[in-house]
Amino acid sequence: SPLPNGDTHLHSSTKRKLAEDKGYVFDKRLRYNVRQNETNYRFRDIVVRKEEGFTHVLLSSQTSDNNALTPEIMKEMCRALGNAAIDDSKLLLLSAVGSIFCSGLDPSYLIGRLSTDRRKESSRIADAVRDFVKAFIHFKKPIVVAINGPALGLGASILPLCDIVWASERAWFQTPCAALRLTPSGCSSYTFPQILGVALANEMLFCGRKLTAQEACSRGLVSQVFWPTTFNQEVMLRVKEMAACSAVVLEESKCMVRSFLKSILEEVNEKECQMLKQLWCSTKGLEALFNYLQNKGYDG
């Protein structure tokens with residue numbers, strides 16, 4: 001039967017390797033086992049696994065719901081990217097534990113912190129977002145992302161900063177910036193119009209339009225979509241094939257594709273974070289966050 005992205009059969013060698021890779025899944029039930037693996041680096045809200053030829057980073061938040069991002073989690077991600085940049089891995093795989101990939105910035109955290117000292121906390125949080133996004137912009141090795149479920153807000157905005165995005169049919173994408181009285185982040189004010197076209201990008205950034213995995217694939221935000229039941233095996237098979245390639249070729253190829261964009265993305269990131277800082281400093285910005293949580297709830 002055809003795959004959701006139009007393929008008529010599984011990858012040629014997938015069938016032979018499904019049994020071999022069957023135990024490698026990004027599931028909440030494996031949280032304990034994943035964290036106890038001796039190859040893991042020690043983090044609180046992410047798991048970093050050193051695999052043969054690549055580094056695997058999994059969002060696995062213990063301090064926020066739905067893999068939401070806080071400054072502390074973003075700092076852990078920056079550390080993980082920094083470590084992976086200088087180790088002997090050829091690429092980085094980013095995925096998540098549980099049924100949600102990432103729900104973006106945690107609005108409950110924002111309200112709690114901004115209620116105490118808006119000026120100080122708005123600068124601290126905006127700086128954390130800026131450094132988080134900058135870490136993706138400057139990462140020299142290929143970044144592959146496996147989207148197992150919903151990706152919202154900053155969790156969706158960073159995807160164009162990565163090199164290959166594979167999604168499960170269960171994944172969907174949304175940036176409800178305006179509803180949260182937030183301006184775009186993650187360089188999405190530049191990358192979304194470039195990739196999706198201005199009309200669709202505006203709908204996502206202004207109206208919070210939700211994209212299915214198939215829509216995201218057809219518009220170029222996602223590379224391929226796979227069946228949920230074989231998603232993890234398809235991803236691991238392809239990542240291992242990439243990891244068998246020359247490290248120099250992979251890194252230099254990414255440099256050729258990405259290098260001219262770095263200065264543009266750096267400037268966009270700075271402007272976006274400055275605007276977020278201004279919004280978070282305002283009373284209206286805090287009230288909007290509170291009203292959103294109270295009236296609608298945060299479904300990311």
Side-chain angles (χ1 to χ4, degrees), residues 59 61 64-75 77 100-137 150-161 172-196 198 200-211 221 265-300:
L59 286 169
S61 178
S64 68
D65 294 330
N66 299 325
N67 284 328
L69 297 172
T70 65
E72 292 72 27
I73 296 172
M74 289 186 283
K75 285 179 182 178
M77 283 294 301
I100 295 175
F101 174 70
C102 178
S103 58
L105 293 173
D106 187 343
S108 298
Y109 179 97
L110 292 176
I111 289 175
R113 295 293 180 166
L114 295 174
S115 297
T116 59
D117 187 337
R118 281 203 303 273
R119 184 173 297 277
K120 177 182 177 182
E121 289 298 316
S122 62
S123 293
R124 186 180 70 88
I125 299 170
D127 288 348
V129 173
R130 180 199 63 202
D131 293 344
F132 174 69
V133 174
K134 197 173 182 179
F136 281 87
I137 294 172
L152 291 95
L154 189 55
S157 298
I158 61 169
L159 298 181
L161 304 179
W172 49 270
F173 308 84
Q174 188 178 32
T175 51
C177 306
L180 285 162
R181 203 178 185 276
L182 299 178
T183 47
S185 59
C187 296
S188 58
S189 62
Y190 174 80
T191 59
F192 275 27
Q194 292 290 316
I195 293 172
L196 302 171
V198 174
L200 181 55
N202 287 347
E203 270 201 299
M204 286 198 72
L205 297 173
F206 304 162
C207 308
R209 174 172 168 176
K210 183 188 296 185
L211 287 187
L221 185 64
L265 294 174
E266 283 181 351
E267 183 178 352
V268 171
N269 186 33
E270 288 290 339
K271 289 181 178 178
E272 287 180 346
C273 291
Q274 282 295 328
M275 183 54 64
L276 286 175
K277 189 183 301 185
Q278 291 179 31
L279 290 172
W280 287 331
C281 274
S282 69
T283 302
K284 288 184 177 179
L286 187 59
E287 289 176 350
L289 281 171
F290 181 79
N291 290 335
Y292 184 83
L293 282 179
Q294 188 175 48
N295 298 332
K296 295 183 179 180
Y298 190 70
D299 66 350

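- Not a single donor-acceptor pair under 3.5 Å links the side chain of N66 to the backbone N or O of A68.
- Distance CG/L205 to CG/L196: 8.5 Å, rounded to 0.5 Å.
- If you check the side chains of Y109 and E72, you find a donor sitting under 3.5 Å from an acceptor.
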Going through the checks in order, is the salt bridge (charged side-chain N to carboxylate O under 4.0 Å, His left out) test met by D127 and R130?
-> CA-CA 5 Å; D127 288 348; R130 180 199 63 202; 3.5 Å; yes
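- Listed by first and then second residue, the side chain to side chain donor-acceptor pair (under 3.5 Å) pairs involving residues 176-187 amount to none (not counting sequence neighbours).
- Residue pairs meeting the ring-ring contact (aromatic ring centres under 6.0 Å, His included) criterion with at least one member in residues 112-136, sequence neighbours excluded, are F132-F136.
- The backbone N or O of L152 sits nowhere less than 3.5 Å from a side-chain atom of Q174 that would complete a donor-acceptor pair.
- With sequence neighbours excluded, the residues that form a side chain to side chain donor-acceptor pair (under 3.5 Å) with S189 are E272.
- N269 pairs with exactly one of V133, L161, D131 by the side chain to side chain contact (heavy atoms under 4.5 Å, CB included) rule, that one being V133.
- The side chain to side chain donor-acceptor pair (under 3.5 Å) search around E270 returns none, not counting sequence neighbours.
- Judged by distance alone, the side chain of R209 and the main-chain N or O of M204 form no donor-acceptor pair under 3.5 Å.
- Rounding to the nearest 0.5 Å gives a distance of 11.0 Å between OG of S188 and CD1 of I158.
- A donor-acceptor pair under 3.5 Å links the side-chain atoms of N67 to the main chain of S61, judged by distance alone.
- With sequence neighbours excluded, the residues that form a side-chain contact (heavy atoms from CB on, under 4.5 Å) with I111 are S115, L286, L289, F290, L293.
- Legend: residues meeting side-chain contact (heavy atoms from CB on, under 4.5 Å) with E267, ordered by chain and number and at least two apart, are K271.
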